[in-house]
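Keep in mind it's a predicted model, so treat the numbers as computed, not measured. Just so we're on the same page: letters track the sequence lines, and every chain starts at 1.
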Protein chains: 2
Amino acid sequence: MLVSVGGPARTTGRPPVTSRAELEHIALALFCEKGFESTTVKDIARGAGVSRRTFFRYYASKNDVAWGDFDEHLARFQAHFDAVPPEVPTETALRECILAFNDFSDDELPWLRQRMSLLLGVSALQAHSVLRYAAWCDIVANFVAQRTGHAPRTLVPQVLARSALATAVAAYERWLEDGTSELREMLEAALSIWLRPWTSSPAGTGARFARGHR
Amino acid sequence: MLVSVGGPARTTGRPPVTSRAELEHIALALFCEKGFESTTVKDIARGAGVSRRTFFRYYASKNDVAWGDFDEHLARFQAHFDAVPPEVPTETALRECILAFNDFSDDELPWLRQRMSLLLGVSALQAHSVLRYAAWCDIVANFVAQRTGHAPRTLVPQVLARSALATAVAAYERWLEDGTSELREMLEAALSIWLRPWTSSPAGTGARFARGHR
DNA sequence: CCGAATAGTGGCACCTGGTGACAAATATCG
DNA sequence: CGATATTTGTCACCAGGTGCCACTATTCGG
């Protein structure tokens, strides 16, 4: 059982030669150096001094390595929703939780930018992303369902969850293209548009970045 | 030039043995019979009496065959937007064009249901779909951009286009799961939620299907 | 100290999707 | 008939991914 992280430290058996984190670092470095497509799994494995077969014991696919420990990150997303007091309006809760999920410290930002430009720029990863984002949507949909009284898989929770995701992705893309803006402000602007699509004017407070660069 | 459909009828050269449409029909039948993953390209090619290599001259990938002539369908989507008179509000135009894009005659519906349950149910196709939907988003974003005065790749058009897509996909999924509802009404309900997320109540007119089945 | 149990690793064969290159087949036109 | 144009088939090849099995390195018990 290689993928288990939360389990108790193993005592017997041959110790692992590498780790998910090490493979991730090596892979991301190679992706940035010579591109995602041009980097083969063999390259990554060789970089870690490991066989190709072993790589696939740590990551189910070459795509997955670009996501790192997204599941762990998602668990924090869920925790944010769980911590929302009942008196907070659904609309506000969604906004705050999405912002909190995407709140990174300054020293994490370069990593984030590198990772996200991979995920949003490489078409194979772009395609793969919908599979990873499904869990994100489920968390949002469940929260909305609980708040509104609808079943999680019905129209209201699904439309809100999926469009929330679309909004966040749009914000990330603008943030990546822009290069000078703050991620948080971009997300706030995008969420304002999302929550009130026909009342957000380009001159509005929250939509300061809506004009594009400059 | 095999993929060209609109070109003038060729006169010289060896005539094609098959066609995109024939391959599509054979492939869809096989997908429904034994599943997408279990159907190999070799199977499809053999079904059409053609070599594997030839299949890839008609379709760039096994995924693409499930989409059929989506590009042609997209051209009609664009045409709908082009035909919108300037006095129609943006909000209304989006709603009407999306509904028109998804307006199918009764005899097309079984085909559509079959195709969409493939596209939304098979994870490989689900992933691939974002690449095909990008063109859909571009059309919507361009329209919004033109109407609002923003550049197409800025926040307002992107958020609206992507969330519109998310909304339509959510409607399709509900429609597929439900089995008894009308696609158009499901889309109308979803679009109502999308356009006015916090005013749509489960008892509202447009959200009749929002409760889920039964 | 030696052997059993445990758990990760490496190598191999194999499948599938996808591509490039080149010769062969089949049509029309002069 | 011959030149030309276009499709087709074959073959070789690459990359991602999986199943299988032997091997290796560790800890624990006698």
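For the pair A:Leu23 CG and C:dG8 P, the computed distance is 14 Å after rounding to whole Å. Here the C1' atom of nucleotide D:dG16 and the CZ atom of A:Phe31 are 12 Å apart, to the nearest Å. Counting to the nearest Å, the C1' atom of D:dA15 and the CZ atom of A:Arg46 are 15 Å from each other. Between the NE2 atom of A:His128 and the C1' atom of D:dG16 there is a distance of 13 Å, rounded to whole Å. Straight-line distance from the CZ atom of A:Phe56 to the C1' atom of C:dG8: 17 Å, rounded to whole Å. Whole-Å rounding puts the B:Arg20 CZ to D:dT7 C1' distance at 16 Å.
Scanning for ring pair (Phe, Tyr, Trp, His ring centres under 6.0 Å) contacts around A:Phe56 gives an empty result, with sequence neighbours left out. Under the rule for a side-chain contact (heavy atoms from CB on, under 4.5 Å), the partners of A:Ser105 that lie at least two apart in sequence or sit in another chain are A:Asp107, A:Glu108. Every residue two or more places apart in sequence or in another chain that forms a side chain to side chain donor-acceptor pair (under 3.5 Å) with B:Arg184 is listed here: B:Glu188. Under the ring pair (Phe, Tyr, Trp, His ring centres under 6.0 Å) criterion, B:His73 pairs with B:Phe101, B:Phe104, not counting sequence neighbours. Remark: A:Asp82 pairs with A:Gln78 by the side chain to side chain donor-acceptor pair (under 3.5 Å) rule, at least two apart or across chains. Among residues two or more places apart in sequence or in another chain, the side-chain contact (heavy atoms from CB on, under 4.5 Å) test is passed with A:Arg115 by A:Glu24, A:Leu119. Every residue meeting the side-chain contact (heavy atoms from CB on, under 4.5 Å) condition with B:Ala168, not counting sequence neighbours, appears here in chain and number order: B:Leu187.
For DNA chain D, the neighbouring residues in residues 36-44 of chain A, judged by any heavy atom under 4.0 Å, are A:Thr39, A:Thr40, A:Val41. Within residues 116-125 of chain B, no residue has a heavy atom under 4.0 Å from DNA chain C.
Nearest heavy atoms, A:Ala151 versus A:Pro157: O-CG, 3.3 Å. Smallest separation of non-hydrogen atoms from B:Pro152 and B:Gln158: O-NE2, 3.1 Å. Scanning both residues, B:Arg113 and B:Leu176, for their nearest heavy atoms gives NH1-O, 3.4 Å.
The pair B:Glu37-B:Lys62 does not meet the salt-bridge criterion, since no charged nitrogen lies less than 4.0 angstrom from a carboxylate oxygen.
An end-to-end axis angle of 20° holds for the helix from C:dC1-D:dG30 to C:dG30-D:dC1, taken from five base pairs per end and rounded to 10°.
Phosphate contact (OP1/OP2 of D:dG17, side-chain N/O of A:Tyr59, threshold under 4.0 Å): absent. Side-chain N/O atoms of A:Tyr58 include none lying less than 4.0 angstrom from OP1 or OP2 on C:dG8. Phosphate contact (OP1/OP2 of D:dT8, side-chain N/O of B:Ser51, threshold under 4.0 Å): absent.
Comparing C:dG8, D:dG9, D:dG17 by their closest approach to the side chain of A:Ser61 singles out D:dG17. Across C:dG11, C:dG18, C:dG8, the shortest atom-to-atom separation from the side chain of A:Arg53 is found for C:dG11. Checking C:dT9, C:dG17, D:dT8 against every side-chain atom of B:Lys62, the shortest atom distance belongs to C:dG17.
Checked by atom type and distance alone, the side chain of B:Thr154 never pairs as donor or acceptor with a backbone atom of B:His150 at under 3.5 Å.
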In a table with atom names and distances, give each donor-acceptor pair under 3.5 Å that connects a side chain of residues 127-134 of chain A to protein atoms at least two apart or in another chain.
from, atom 1, to, atom 2, distance (Å)
A:His128, NE2, A:Asp64, OD1, 3.1
A:Ser129, OG, A:Gln126, O, 2.5
A:Arg132, NH1, A:Asp64, OD1, 2.8

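Residues A:Trp136 and A:Ile98 have side chains in contact (heavy-atom distance under 4.5 Å, counting atoms from C-beta outward). The shortest distance between side-chain heavy atoms of A:Thr18 and A:Phe55 does not fall below 4.5 Å.
At a cut-off of 3.5 angstrom, the base of D:dG9 holds no donor-acceptor pair with the side chain of B:Arg52. For A:Arg57 against C:dG10, a side-chain N or O and a base N or O form a donor-acceptor pair under 3.5 Å.
Looking at heavy-atom distances under 4.0 Å, A:Ser19 makes no contact with the nucleic acid at all.
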Protein-nucleotides 26-30 of chain C N/O pairs closer than 3.5 Å?
from, atom 1, to, atom 2, distance (Å)
C:dT26, O2, B:Arg14, N, 3.2
C:dA27, N3, B:Gly13, N, 3.4
C:dT28, O4', B:Thr11, O, 3.2

